[in-house]
Structures are given as structure tokens and as C-alpha cells.
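Sequence lines set the chain letters: A, B, ... in the order given, protein chains first and strands last, and positions in each chain run from 1. For clarity, every value in this text was computed on a predicted model and none was experimentally measured.
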Amino acid sequence: DGGITQSPKYLFRKEGQNVTLSCEQNLNHDAMYWYRQDPGQGLRLIYYSQIVNDFQKGDIAEGYSVSREKKESFPLTVTSAQKNPTAFYLCASRGGGDTQYFGPGTRLTVL
Amino acid sequence: QKEVEQNSGPLSVPEGAIASLNCTYSDRGSQSFFWYRQYSGKSPELIMFIYSNGDKEDGRFTAQLNKASQYVSLLIRDSQPSDSATYLCAVIDNAGNNRKLIWGLGTSLAVNP
């Protein structure tokens with residue numbers, strides 16, 4: 001089955017903690033994206049990567065970091081510098097015709 | 001600032017009716033347009049994409065694009081309660097070669113039995 005997986009589905013973070021969200025795809029897509037969605041708001045781009053070993057900041061990169069060491073994987077770290085991290089985090093990869101396909105998401109809550 | 005605008009709704013239609021969802025965009029150079037459906041608590045899923053002016057049909061869904069008016073719409077025929085969701089419009093950002101999508105805030109659709 002081809003697709004995008006994200007883990008964990010739910011994540012709880014204490015104040016001052018760094019947490020890492022996993023995103024894996026077996027679609028052989030070069031480009032991958034991380035979005036954040038808050039209630040009643042649209043998708044906001046955090047980081048994106050168009051190819052292995054390269055990534056760019058999106059619109060709201062502060063307090064986040066990423067790596068892209070393998071084509072299949074694009075993990076996102078939410079650092080303690082992110083002051084309001086509670087949100088729904090979505091990972092996507094880009095296929096033909098610029099179409100983006102999404103994983104099931106990770107819901108992060110700060111305790 | 002490039003923008004994609006949608007009426008937030010909620011748009012309420014009776015079961016079996018046609019639901020019409022609208023989206024306008026500011027970047028006249030945009031070439032690719034996408035409609036996604038997002039159920040509450042779930043991730044967006046692609047419904048349709050359209051690149052050329054005119055209509056594109058897929059089952060009960062029809063996307064309509066008018067580049068001169070910078071307007072793209074989604075029609076859902078024979079609406080079902082299972083179509084109740086938020087519909088997101090997205091447009092390719094033509095700046096540079098980043099191929100990012102610019103997203104609207106979504107229109108909430110409620111189909112009433």
C-alpha cells in the first residue's frame with residue numbers, strides 16, 4: 001500500500017520539551033511539506049523540502065526544525081522555542097501535477 | 001500577499017440538491033487549482049484538480065475554472081449527508097520554482113437529510 005504515515009497520532013508535550021513528529025512516505029515523491037492547522041484556520045506552511053538534503057522555511061518556521069536525510073522521511077521537531085505549539089500537524093508529499101497528498105496528521109497538545 | 005478566498009459558510013443544502021462552492025484567487029499567473037475535502041478531525045483528501053479554463057467532471061463533482069475572472073468553483077450534484085465536510089481550495093504559487101500551494105480557509109458544507 002502506497003501512502004504517507006505520520007506518528008504518533010496524538011502527542012503531549014510538557015513546557016520546555018522538544019518533541020519530534022515522524023513522517024514517512026513510500027510514494028517515491030521528491031518533495032515533502034509540513035503544515036500546521038489551528039481550529040477554524042487554514043493550513044500554514046512550516047517547512048518544505050524539494051529534494052533529499054535540502055529544505056526551506058515556510059511561512060511559520062520559527063520554533064521548528066526539520067531534516068531530510070532520506071527521500072522517504074521528513075521528521076519535524078517542535079522545539080521549546082515554539083511558544084504555542086498546540087495544533088494539528090499535517091505532512092504531505094507532492095506527486096505529479098503538483099498534487100499534494102496528506103498523511104493522517106498528528107495532534108499535539110501542550111500540557 | 002497572494003491570497004485565496006473562500007466563503008467560510010456554513011453552506012447548508014438539502015440532500016439531493018446541488019452544492020456550489022466558490023473560490024477566488026489573487027495571483028493572475030496561477031496555473032494549477034485544487035479542491036480538497038476535510039472531514040472534522042481528519043486530514044485533507046484530494047477531490048479534483050483543474051488546469052484549463054472550463055469544466056472538469058468526475059462523478060458527482062464538477063470543477064469550473066475561469067482564469068479571466070480568477071475564479072474556481074466546485075459543484076457537488078446529488079449532495080449526500082456524507083459530503084458534509086470543509087472544502088479547501090488551493091492554488092499553485094508561481095513565484096520561483098517552489099511549487100507551494102496557497103490555501104483558502106475553507107467552506108463548511110452541511111448536507112441535511
Side-chain angles (χ1 to χ4, degrees), chain A residues 2-10 21 23-25 27 29-51 54-61 76 86-109, chain B residues 1-10 21 23-27 29-52 56 58 61 63 65 72 85-108:
Chain A
I4 304 174
T5 58
Q6 291 185 243
S7 62
K9 186 174 182 180
Y10 298 98
L21 284 59
C23 177
E24 304 277 332
Q25 54 101 359
L27 299 169
H29 291 166
D30 286 314
M32 297 184 73
Y33 303 80
W34 273 105
Y35 293 95
R36 167 180 174 147
Q37 188 175 39
D38 295 279
Q41 297 203 27
L43 299 176
R44 292 188 289 168
L45 183 64
I46 305 173
Y47 268 97
Y48 63 103
S49 168
Q50 300 213 73
I51 199 166
D54 186 49
F55 50 83
Q56 290 80 39
K57 292 181 179 180
D59 302 317
I60 56 164
L76 173 74
T86 294
F88 189 37
Y89 289 86
L90 291 159
C91 178
S93 66
R94 189 181 79 221
D98 293 318
T99 304
Q100 292 188 17
Y101 300 93
F102 287 84
T106 292
R107 198 165 295 278
L108 174 62
T109 303
Chain B
Q1 179 80 2
K2 297 174 184 176
E3 292 182 337
V4 173
E5 295 191 356
Q6 298 181 253
N7 187 326
S8 63
L21 304 160
C23 172
T24 59
Y25 58 94
S26 63
D27 184 1
S30 294
Q31 299 294 323
S32 306
F33 308 86
F34 304 85
W35 282 101
Y36 286 80
R37 175 175 63 196
Q38 186 175 25
Y39 291 112
S40 180
K42 303 295 185 183
S43 61
E45 54 181 327
L46 179 71
I47 299 175
M48 295 187 70
F49 56 85
I50 186 168
Y51 306 138
S52 304
K56 179 181 179 182
D58 183 1
F61 299 97
L65 175 60
V72 57
T86 297
Y87 289 80
L88 303 174
C89 173
V91 174
I92 276 288
D93 182 353
N94 280 317
N97 192 32
N98 58 47
R99 314 311 294 169
K100 295 186 295 183
L101 290 178
I102 304 169
W103 294 86
L105 297 182
T107 297
S108 175

*Using a 4.5 Å cut-off on heavy atoms from C-beta on, say whether the side chain of A:Tyr47 contacts that of A:Lys57.*
yes

*Tell me, for A:Leu43 versus chain B, whether the close heavy atoms (under 4.5 Å) come from the side chain, the backbone, both or neither.*
both

*Take the angle between the ring planes of A:Phe102 and A:Tyr35 and call it parallel below 30°, perpendicular above 60°, tilted in between.*
tilted

*Engaged part of A:Gln50 at the chain B interface, taking heavy atoms whose separation is under 4.5 Å*: side chain

*Among B:Ser8, B:Pro44, B:Gly104, single out the residue with the greatest number of heavy-atom pairs under 4.5 Å to chain A.*
B:Pro44

*Side chain, backbone, both or neither: which part of B:Gln38 has an atom under 4.5 Å from a heavy atom of chain A?*
side chain

_Portion of A:Gln37 that has a non-hydrogen atom of chain B nearer than 4.5 angstrom_ = side chain

*Determine whether B:Cys89 and B:Trp35 make a side-chain contact, defined as any pair of heavy atoms from C-beta on separated by less than 4.5 Å.*
yes

_Does any backbone or side-chain atom of A:Arg44 lie under 4.5 Å from a heavy atom of chain B? Answer side chain, backbone, both or neither._
neither

_Counting C-beta onward and ignoring hydrogens, is there a side-chain heavy-atom pair between B:Phe34 and B:Ile92 closer than 4.5 Å?_
yes

*What pairs of residues pass the salt bridge (Lys or Arg N to Asp or Glu O under 4.0 Å) test when at least one of them lies in residues 89-101 of chain A, not counting sequence neighbours?*
A:Arg94-A:Asp98, A:Asp98-B:Arg99

